[in-house]
Amino acid sequence: MNIVEVRRLSKQFELHILKEKRIQALESIDLDIAEGEIIGLTGKSGSGKSSLMKCLYRTYLSSAGHIFYRTGQGRVIDLASAGDHEIIQLRKTEIRYCSQFLSVIPRVSAVDVVSEPLMPILKDRAIAQEAAKDLLERLGLPKGLWDAYPVTFSGGEQQRINVARAIISRPRLLLIDEPTASLDTRTKDVVIDLIRSLKTAGTSVLCISHDEYVLDRLSDRRLHLQSGRIVHSIQPSL
Ligand SMILES: Nc1ncnc2c1ncn2[C@@H]1O[C@H](COP(=O)(O)OP(=O)(O)OP(=O)(O)O)[C@@H](O)[C@H]1O
Ligand SMILES: [Mg+2]
C-alpha cells in the first residue's frame, strides 16, 4: 500500500525583488511512496530536490497538485491543502524531516535536542534521554558532548544530532536531506543501518543524497530530478 501519492505537484517561486521573475522549482511531479520503501532522490544542485521534500513536509505550500498521505489510522489527508493544525499533528506523530543543516536551538543540550521528539510519545524525560544517549552512542558522538550545546559542534557532529533527532521517534514517513554529507564511512554505515532498521519496522523514507555509497546501500529505488521534473526512475537490479 502507498503511504504517499503525489499528483501533478508544481511549485513556483515569485521573486518580487526581481520584477516578478518566476522560478519553476517543481513541474507536474507524480510520485508514489510505498509503505516501507526507501527512495533515493538525486539530481543536480537547484533541480528541486529540497523543494519537493519541503512541499511534502509543508514548509512550502505547493502551487498546484496534490500530496495524498495515508495516516496510521488509514485516513487520507492532502498535505498540499490540509489545515495547519492537521499538519502540526502529523509532524508530531508521523512525519519527520531532517534538513540539510541543523537549525540549532540555543542553550538546549545535545541529549535534549535529540530526545525532544519522543516526549509527546513517552511523556517521561528520563526514558526519552536514555533513548537519545543510546542513539548518540551508536552514532559515535563523544560522551563529553552529550550535555553540551550543539551550536559549537563540528559539521559532522551537528549532522549526527540532526539524524538522531529525525529518527528517534520512529516516524512512519522520514524525509531526510543529505544525511551523510560530512560523515566518515564508519558513521555513514551506522546511519544506513539505523534507517534500514526503521524500514524493517515499516517506515517509508525519501532520502536526498549525492553519495553513491549511501544510495547503493540504502535505496530500494531512485528518482532523478532535472529542472523540477522526474526524468527517470532506476530500480536497482539487486
Ligand atoms: N524559498 C525560495 N525562494 C525562491 N526560490 C527558491 C526557494 N527555495 C528554492 N528556490 C529555487 O528553486 C530551485 C530549486 O531549489 P532546491 O533547493 O529545491 O534545489 P536542490 O535540488 O535541493 O539543490 P541542492 O542540491 O543545491 O540542495 C532553485 O532554483 C532555487 O533557487
Ligand atoms: Mg537541497
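All residue numbers in this chain count up from 1 along the given sequence. Order of listing sets the numbers, starting from 1, for every ligand and every atom in it.
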Subject >> For A25, atoms of ligand 1 separated by under 4.0 Å from a heavy atom >> reply: 12 (O)
**OP:** Just jot down the ligand 1 atoms closer than 4.0 angstrom to any heavy atom of K44, in number order.
**Re:** 21 (O)
Original post:
How far is atom 1 (N) of ligand 1 from its nearest protein heavy atom, and which residue and atom name does that atom have?
Top reply: Y60 OH, 3.1 Å
**OP:** Please confirm whether the backbone N or O of A64 pairs with a side-chain atom of S62, one donor and one acceptor, at under 3.5 Å?
**Re:** no
Original post:
Any non-hydrogen atom of K11 lying under 4.0 Å from ligand 1?
Top reply: no
Subject >> Contact check, side chains of L223 and L31, non-hydrogen atoms, under 4.5 Å >> reply: yes
**OP:** Within a distance under 4.0 Å of any heavy atom of G48, pick out the atoms of ligand 1 and give their elements.
**Re:** 14 (C), 18 (O), 19 (O), 20 (P), 21 (O)
Original post:
Would a distance-only check, ignoring hydrogens and angles, find a side-chain to backbone donor-acceptor pair under 3.5 Å from R196 to L218?
Top reply: yes
Original post:
Are side-chain heavy atoms of M53 and K49 found at a separation under 4.5 Å?
Top reply: no
Subject >> Test: E35 and R172 ion pair at under 4.0 Å >> reply: yes
Subject >> Which of the ligand 1 atoms, numbered from 1, are nearer than 4.0 Å to a heavy atom of S51 >> reply: 9 (C), 14 (C), 15 (O), 16 (P), 18 (O)
Subject >> Check: S99 main-chain N/O paired with N162 side-chain donor or acceptor under 3.5 Å >> reply: yes
Original post:
When you measure from atom 26 (O) of ligand 1 to every protein heavy atom, which one gives the shortest distance, and what is it?
Top reply: S45 OG, 2.6 Å
Subject >> the Mg ion (ligand 2) contact by S50, N, O or S atom under 2.8 Å >> reply: yes
Subject >> Result of checking R229, R22, R8 against E27 for salt bridge (charged side-chain N to carboxylate O under 4.0 Å, His left out) >> reply: R229
**OP:** Taking atom 9 (C) of ligand 1 as the reference point, report whether a protein heavy atom occurs under 4.0 Å from it.
**Re:** yes
Original post:
Which protein non-hydrogen atom lies closest to atom 27 (O) of ligand 1, naming both residue and atom, and how far is it?
Top reply: Q100 NE2, 3.3 Å
Original post:
Which ligand 1 atoms are under 4.0 Å away from a heavy-atom of S47?
Top reply: 19 (O), 21 (O)
**OP:** Considering only non-hydrogen protein atoms, determine which one is nearest to atom 3 (N) of ligand 1 and report residue, atom name and distance to 0.1 Å.
**Re:** F13 CD2, 3.5 Å
Subject >> Per-atom contacts, ligand 1 versus K49 - under 4.0 Å to a heavy atom >> reply: 18 (O), 20 (P), 21 (O), 22 (O), 23 (O), 24 (P), 25 (O)
Original post:
Should R222 and D216 count as side-chain neighbours, where that means a heavy-atom distance under 4.5 Å?
Top reply: yes
Original post:
Is the backbone N or O of I127 less than 3.5 Å from a side-chain atom of E130, with the two atoms forming a donor-acceptor pair by type?
Top reply: no
Original post:
Do any heavy atoms of G43 fall under 4.0 Å from ligand 1?
Top reply: no
Subject >> Nearest-neighbour protein heavy atom for atom 31 (O) of ligand 1, which is reported as residue plus atom name and distance >> reply: I23 CD1, 4.4 Å
Subject >> Any donor-acceptor pair under 3.5 Å from W146 side chain to L141 backbone >> reply: yes
Original post:
Between K11 and L61, is there a donor-acceptor pair closer than 3.5 Å when you use the side chain of the first and the backbone of the second?
Top reply: yes
Subject >> Minimal non-hydrogen separation, K199 against I38, with atom names >> reply: CD-CD1, 3.6 Å
Subject >> Identity and distance of the protein heavy atom lying nearest atom 17 (O) of ligand 1 >> reply: S50 CB, 3.8 Å
Subject >> Which residue and heavy atom of the protein sit nearest atom 13 (C) of ligand 1, plus the separation >> reply: G46 O, 3.8 Å
**OP:** Report the part of E178 in contact with ligand 1, treating N, CA, C, O as backbone and CB onward as side chain, heavy atoms under 4.0 Å; options are side chain, backbone, both, neither.
**Re:** neither
Original post:
Could a heavy atom of L15 be found less than 4.0 Å from some atom of ligand 1?
Top reply: yes
